[in-house]
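Working notes for the structure below.
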There are 2 protein chains.
Amino acid sequence: MALIVQKYGGSSVSDAESIKRVAKRIVDARRAGDDVVVAVSAMGDTTDELLDLAARVSPIPAPRELDMLLSSGERISMALLAMAIHSMGFEARSYTGMQAGMLTTADHGAARIVDVTPTRVREALDEGAIVIVAGFQGFNTDTRDITTLGRGGSDTTAVALAAALGADVCEIYSDVEGVFTADPRVVPRARKLHTVGSEEMLELAANGAKVLYIRAVEYARRHGVMIHARSSFSTGPGTFVLGPGMTAPQGAEGEEMEEPIVAGVATDLSQAKITIIGVPDVPGKAAEIFKIIAKSGANVDMIVQNVSVAGTGRTEISFTLPKSDASTALRALAAEQGDVGFENLVHDDQIGKLSVVGAGMRSHSGVSATLFEALSTAGVNIEMISTSEIRISVVVRGDDLAEAARVVHTAYGLDGDIEAVVHAGTGR
Amino acid sequence: MALIVQKYGGSSVSDAESIKRVAKRIVDARRAGDDVVVAVSAMGDTTDELLDLAARVSPIPAPRELDMLLSSGERISMALLAMAIHSMGFEARSYTGMQAGMLTTADHGAARIVDVTPTRVREALDEGAIVIVAGFQGFNTDTRDITTLGRGGSDTTAVALAAALGADVCEIYSDVEGVFTADPRVVPRARKLHTVGSEEMLELAANGAKVLYIRAVEYARRHGVMIHARSSFSTGPGTFVLGPGMTAPQGAEGEEMEEPIVAGVATDLSQAKITIIGVPDVPGKAAEIFKIIAKSGANVDMIVQNVSVAGTGRTEISFTLPKSDASTALRALAAEQGDVGFENLVHDDQIGKLSVVGAGMRSHSGVSATLFEALSTAGVNIEMISTSEIRISVVVRGDDLAEAARVVHTAYGLDGDIEAVVHAGTGR
């Protein structure tokens, strides 16, 4: 008998019918003999509707009250899910984040988990019940107030519960089948991975793959939790995210006999590029610039500095950042133009980022050569390059990104025999 | 500086605009120098919508989960109300029933308050904050589960908080101006009472007046809380409900110099009458019959047994009960017809009940004579009579009820000089 933690997102519990479908799925797992703990998000658009209500009563809602408000969302979905399971003849109990022992910092809207003490969850499991826990929410013991975990919160709730309970696996359900070698909407011959290393998963997620939140993958890696990313619309296996020393259960699908050099190709159209022209080429200028940007709250990703243009004593610095941060960063830089002494700012939101990720890069040479050659053959121009130990990223024109992803996917031998079935939805 | 507990029902906080209006009202009280604690119901139809969702996932929702579900309703309204107050520049904090120390029995859906320990409420008041508490909900310390108080729960929350905090007054806001000498929709010359005794209020509420819930009035009487029933749509005073030894604040309106004999006339069209014909006139039959009805769960109100019809050895028993209980009671009786030995059942749902209530009845004779004479003059036939120490009730034809109420109201000298302004709504 295994202990399984399952997580269902808002789109899996968007109405009464889908709640009943999820309840049946949970009951099937219980019938198979396993203990089941479920973390559930708020129904469909509930959170957005609550945020909208808040905006209508207050321009800047008090953070403590916003968390109190938002935490009602999972209360609704978890109670309904427990009722639906009950009416199928199984004992089920729902617990709020506080009742489940999700202790967090007091940072409303972005609380971090500091401890998980799931005493009541264990008791309920011992009594044979299926346990439903509110995702996304926690409790601070100093202020005795309800908190929410912010983006990716429900995935993190599930992984944290799995870690605290010593669960055998944490199944994260969404509307996609698992982790693919590329986004199947961009690369039709993308294959679903049976397994992916947690480091690779972190790089894929950080560079555009939307199946799992980085935060949950990090938590799982740090606490030795095996994640199984799978679809709530099918019963087949998804992708096992393996931390150090983990091995996936033997699935019906073929195991990779040897670790592939490249796990997948991630694409990202959400970034913009800012180029600062005519920067005085003196020591400390880059530090000055990126301090200004950091203070503005913008998250810089890639950075490239050109060599100084001969005789001018000036250089160019380009960097990428989320499109949504661009105007903030531009305003912050423009305000300091006099002090920094640059000549001009150029904003480009028509870029695309392509990343090749693979733990095998550590022990194999020539990985980058394959990338550059494939892009060159396809006539795709590379504007920026950055690398990590297990990743190479390039910035290209946004219009070229899909073609680039396809040729690179082929070049690394990742193409499947048949085209993947693409589900509608955002991948969350 | 006084401590005021205010209660706002669902219709007072039905959308963002009305929440802002209530917030302004609360802030005005705070500005006047008083400490304010607010008990709030779920927004508008939220509770019904949640019940509907529950019915769609489960034919008989698990009671624990139903309470978990319903308790999300006040969480939403209280957080929004606190935000709205915040954005007006006042510190406000919302607390769930559990956080406010509303300890109850474990009877889900109909929990009774066993203790109120509002430590956090007091702390917040001491720090100058306005406190918003979720009405209707509590917490059981044995099961550590959320409970709800059932019908009239939010009023009871407010009164219980007022009692535990030693508040000067508990203001219960609704869409009516206060307690009237009769329902102004039935008796246009009904007057608003400046004060009413808590015993009288209990009799009025039990006999059709819908301004306050019996349960809250009882709690207030037992714990010495002064209730002020008033309208959230106007700023004028409403009606003070006075327990033993209490005196109302001096209002702009004239005080009654001497206690009136009759406080008001209550009307009730929600009851039905069942007559059991041909009941064997032997000892123990009535007990047998009402045991059957009690077991069916029906709540009997008035009972009349006729004298035995000469020579037959049989008699008739009539009783009234809520229309909604009638079919249950009829089925239960029909099932036992053989054992009880009665001849027939007659169901009459066209009755009306009129009650005259007044603490002065204790010391005044002739009160009932005035009632019977007024009805006789108006040609209204009396079908049943029952009395308590401070009440006389009669059952008449439903069609006659309004006319009966008007003539009786006049006969006791209750008519006002002008016709009352009637607001739309149910009186809750």
Side-chain angles (χ1 to χ4, degrees), chain A residues 13 15-23 42-43 46 49-50 52-88 90-96 98-99 119-120 123 132 134 143-146, chain B residues 13 15-23 42-43 46 49-50 52-88 90-96 98-99 119-120 123 132 134 143-146:
Chain A
V13 291
D15 55 23
E17 280 315 304
S18 53
I19 286 172
K20 285 198 267 187
R21 199 167 42 72
V22 165
M43 290 171 73
T46 306
E49 285 163 17
L50 292 172
D52 180 55
L53 265 175
R56 273 150 58 196
V57 300
S58 173
I60 305 165
R64 176 191 186 274
E65 302 303 329
L66 197 57
D67 277 0
M68 185 67 95
L69 179 73
L70 294 182
S71 67
S72 66
E74 294 86 36
R75 223 177 164 84
I76 294 171
S77 56
M78 74 181 190
L80 290 171
L81 190 52
M83 284 175 197
I85 293 170
H86 242 282
S87 73
M88 293 173 185
F90 285 75
E91 175 68 11
R93 287 179 219 157
S94 68
Y95 295 103
T96 63
M98 188 181 79
Q99 291 176 331
T119 317
R120 296 190 69 181
E123 286 171 7
I132 316 292
T143 63
R144 291 169 293 169
D145 284 333
I146 306 300
Chain B
V13 290
D15 55 23
E17 279 316 301
S18 52
I19 286 171
K20 284 197 269 189
R21 200 168 41 72
V22 165
M43 291 171 72
T46 306
E49 285 163 18
L50 292 173
D52 180 54
L53 264 176
R56 271 151 59 196
V57 299
S58 172
I60 306 164
R64 177 191 185 275
E65 302 303 329
L66 196 58
D67 277 1
M68 184 68 94
L69 179 74
L70 294 181
S71 67
S72 66
E74 295 85 35
R75 222 176 164 84
I76 294 172
S77 56
M78 74 180 191
L80 291 171
L81 190 52
M83 284 176 199
I85 293 169
H86 243 278
S87 72
M88 292 172 186
F90 285 75
E91 174 68 12
R93 287 180 219 156
S94 69
Y95 295 104
T96 62
M98 188 181 80
Q99 290 176 331
T119 318
R120 298 191 67 180
E123 286 171 6
I132 317 291
T143 62
R144 292 169 292 169
D145 284 333
I146 306 300

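On a predicted model such as this, the values are computed, not experimentally measured, just so you know. Chain A is the first sequence line, chain B the second, and so forth, proteins listed ahead of strands; every chain is numbered from 1. Heavy-atom basis, side chains included; hydrogens, waters and symmetry copies ignored.
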Problem - Heavy-atom contact with chain B under 4.5 Å, split by part of A:Glu74 - result: neither
Practice task
Name the region of B:Ile19, side chain, backbone, both or neither, that has any atom closer than 4.5 Å to a heavy atom of chain A.
Solution key: side chain
Exercise for the section: Could you tell me which portion of B:Glu17 (side chain, backbone, both or neither) has an atom closer than 4.5 angstrom to a non-hydrogen atom of chain A? Expected result: neither
Practice task
Mind checking the CZ-CD spacing from B:Arg93 to B:Glu123? Nearest 0.5 Å is all I need.
Solution key: 9.0 Å
Handout entry: Under 4.5 Å from any heavy atom of chain A - which part of B:Met88
Key = neither
Handout entry: Interchain contact, A:Leu66 with chain B, by part (heavy-atom threshold 4.5 Å)
Key = both
Handout entry: Side chain, backbone, both or neither of B:Ile60 within contact of chain A (heavy atoms, under 4.5 Å)
Key = neither
Exercise for the section: Could you look at B:Glu91 and say if it's the side chain, the backbone, both or neither that has a heavy atom under 4.5 Å from chain A? Expected result: neither
Exercise for the section: Scan residues 60-73 of chain A for pairs that pass side chain to side chain donor-acceptor pair (under 3.5 Å), counting only residues two or more places apart or in two chains. Expected result: A:Arg64-A:Asp145, A:Glu65-B:Ser94, A:Asp67-A:His108, A:Asp67-A:Thr148, A:Ser71-B:Arg75
Exercise for the section: Could you tell me which portion of B:Arg144 (side chain, backbone, both or neither) has an atom closer than 4.5 angstrom to a non-hydrogen atom of chain A? Expected result: both
Problem - Distance in Å, B:Met98 CE paired with B:Ile146 CD1, rounded so as to fall on 0.5 Å steps - result: 5.5 Å
Practice task
Select one option (side chain, backbone, both, neither) describing which atoms of B:Ala92 are under 4.5 Å from chain A's heavy atoms.
Solution key: backbone
Practice task
Select, from B:Asp15, B:Ile76, B:Ile132, the one with the greatest count of heavy-atom pairs under 4.5 Å involving chain A.
Solution key: B:Ile76
Completion exercise
For B:Leu50 and B:Leu69, the nearest pair of non-hydrogen atoms, with its separation, is O-CD2, 3.4 Å
Exercise for the section: Measure the shortest side-chain to side-chain distance between A:Met83 and A:Leu80 over non-hydrogen atoms and say whether it is less than 4.5 angstrom. Expected result: yes
Practice task
Specify the closest pair of heavy atoms between B:Ile85 and B:Ala23, including all atoms of both residues, with the distance to one decimal.
Solution key: CG1-CB, 3.8 Å
Problem - Interface moiety of A:Arg120 toward chain B, non-hydrogen atoms closer than 4.5 Å - result: side chain
